[in-house]
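Take a look at the structure set out below.
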Amino acid sequence: MAVAKQSEIAPAEGRLGVLLVGLGAVSTTFIAGVEAIKKGFAQPIGSLTQMGTIRLGKRTENRVPLIKDFVPLAQLKDMVFGAWDIFPDSAYDAALNAGVLEKELLGQLKVPLRKIKPMKAVFDQTYVKRLSGTNVKTGKNKFELAQQLIDEIAEWKRKNKCSRLVMIWAASTEIFLKPHAVHKTLDSFEQAMRDNHKAIAPSMIYAYAALKSGIPFANGAPNLTVDIPALMSLADKNKLAICGKDFKTGQTLMKTIIAPGLKSRMLGLHGWYSTNILGNRDGEVLDDPDSFKTKEESKLSVLEYILQPEVYPALYKDFSHVVRINYYPPRGDNKEGWDNIDIFGWLGYPMQIKIDFLCRDSILAAPIVLDLALFLDLAQRAGMKGVQEWLSFYFKSPQTAPGLYPEHDIFIQLMKLKNTLRHLRGEDLITHLGLEYYD
Ligand SMILES: NC(=O)c1ccc[n+]([C@@H]2O[C@H](COP(=O)([O-])OP(=O)(O)OC[C@H]3O[C@@H](n4cnc5c(N)ncnc54)[C@H](O)[C@@H]3O)[C@@H](O)[C@H]2O)c1
């Protein structure tokens, strides 16, 4: 990850276009939230870029600016939104349909939300079995579909008078795909698109179109998407920031908060059983075993990396980790996640922790989308290219350089994020050593 100095961060001038793939629960909750905040109806709760502060220098210096005052982020008033979806509903109708936000609030936001009509999607039911829609592009092959996206993006940018764009995948989870030989180089990837190869999923076509158009890309779902050598090298070549995968919300957020705490006290783990009931469209898509497999892989890896059984065999060898998601329509977007955690302490005595998280998935995801849009745009203006590991904080399955294991501990992730911002602005990194106070 190449990093530039403070003086090299270009100012956030003009409008920032946020292109969302998928105009479902997460995207509409995000857009409606930003519009509500712009109108002064709401506060940006859950957003680090808007509400978070950053300590600078020694604790005795009392320098604690807001992050948005410390680094030159785009302002919410300068953000505009575009989207693709397989359903033609406007953001207003899609938000009503998602059922996350109250009708009364949406009614107050009708004007801006109605204006957002989704562009025709690049979609193939092979990759999301539970969905079918009509608002879909047609083309000779996957390469031609990518060219259509590239032209459409250029036209959208011009029409919306944007100076910069970012693209975020907030569309349904695709089926589990393993890295394939055609993903290795840009040439083999482009040839595979021309050949309509099965290993090229729609999400990869969007990511390719973004990177070809000079736009940074974030992946909010667990699909492989931009986490393949061909697209990583394209990002490098075109000096573009990329990050992923899978927004860290709900149960995994809790896991990455609690597991580091248990480990810090050297408490052992026999098992962690997690189950969810979820009734939104995401839950319906994840009811398909192939889409669930993609999600499961993303959710399972977290504990292994945090607890490091190979370093602490007496505490974490062979713990059992089970994750389930059950589609249960009555709950809509209001997921309920249960965790049963079997731990052990001094002399091996067992204890249990039970968590019942009555969470709202899209309410947790929306501020992540906002922060990612703003930080990706910042990274781009700061000349940071390739995988943005400092944005791991936002992901269940953080994308890293090949061969490097991901950091899942949310507290380390936050420290990494803030130190990256300090580094960008030429401030001292904070190590928490603190000996200087006692000299
Ligand atoms: N807290 C969260 O909600 C959360 C957390 C982590 C990850 N995610 C992921 O974010 C994504 C969005 O979640 P959601 O709750 O908004 O789901 P959703 O089903 O409400 O919305 C997804 C939308 O994507 C559309 N879509 C599917 N394939 C498409 C394509 N190829 N092109 C354009 N549009 C397409 C669907 O029609 C749908 O409207 C899912 O993949 C989900 O797994 C969500």
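Ligands are counted one by one from 1 in listed order, and the atoms in each one are counted from 1 as well. For the numbers below, each heavy atom of this structure counts, side chains included, while hydrogens, waters and symmetry mates do not.
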Proximal atoms of ligand 1 relative to [X] (non-hydrogen, under 4.0 Å):
X: Ala170; value: 11 (C), 12 (C), 22 (C)
X: Phe87; value: 37 (O)
X: Ala365; value: 1 (N), 2 (C)
X: Ala121; value: 32 (N), 33 (C)
X: Leu131; value: 27 (C), 36 (C), 37 (O)
X: Ala221; value: 41 (O)
X: Arg281; value: 19 (O), 38 (C), 39 (O)
X: Lys396; value: 5 (C), 6 (C)

Do the ring planes of Tyr208 and Phe143 sit parallel (below 30°), tilted (30 to 60°) or perpendicular (above 60°)? tilted
For [atom], what's the nearest protein heavy atom and its distance?
atom: atom 7 (C) of ligand 1; result: Asp246 OD1, 3.0 Å
atom: atom 42 (C) of ligand 1; result: Asp282 OD1, 3.3 Å
atom: atom 25 (C) of ligand 1; result: Asp85 OD2, 3.2 Å
atom: atom 18 (P) of ligand 1; result: Ala25 N, 3.9 Å
atom: atom 10 (O) of ligand 1; result: Gly220 O, 3.9 Å
atom: atom 41 (O) of ligand 1; result: Ala171 O, 2.7 Å
atom: atom 30 (C) of ligand 1; result: Val122 O, 3.7 Å
atom: atom 13 (O) of ligand 1; result: Val26 CG2, 3.6 Å

Going by side-chain contact (heavy atoms from CB on, under 4.5 Å), Ile168 matches just one of Phe217, Phe30, Phe247. Which one? Phe247
Step-by-step side chain to side chain contact (heavy atoms under 4.5 Å, CB included) determination, Val100 to Thr28: CA-CA 9 Å; Val100 178; Thr28 55; 6.0 Å; no
Looking only at non-hydrogen atoms, the one of Tyr206, Phe395, Phe247 nearest atom 32 (N) of ligand 1 is Tyr206
Considering Gly133, Ser27, Ser172, which one's heavy-atom position lies nearest to atom 27 (C) of ligand 1? Ser172
Using distance alone, determine whether Asp361 and ligand 1 share an N or O pair under 3.5 Å. yes
Side chain or backbone, does Asp333 bring an N or O within less than 3.5 Å of an N or O on ligand 1? no
Within a radius of less than 6.0 Å around [atom1] of [X], do more than 12 heavy atoms belonging to other residues, nucleotides or ligands occur?
X: Gln191; atom1: CD; answer: yes
X: Lys38; atom1: NZ; answer: yes
X: Tyr405; atom1: OH; answer: no
X: Phe357; atom1: CZ; answer: yes
X: Lys354; atom1: NZ; answer: yes
X: Tyr328; atom1: OH; answer: no

Taking side chain to side chain contact (heavy atoms under 4.5 Å, CB included) as the definition, give me every residue that meets it alongside Lys157, ordered by chain and number, with sequence neighbours left out. Cys162, Leu165
Check: Trp338 ring centroid to Tyr273 ring centroid under 6.0 Å: no
Do the ring centers of Trp272 and Phe319 come within less than 6.0 Å of each other? no
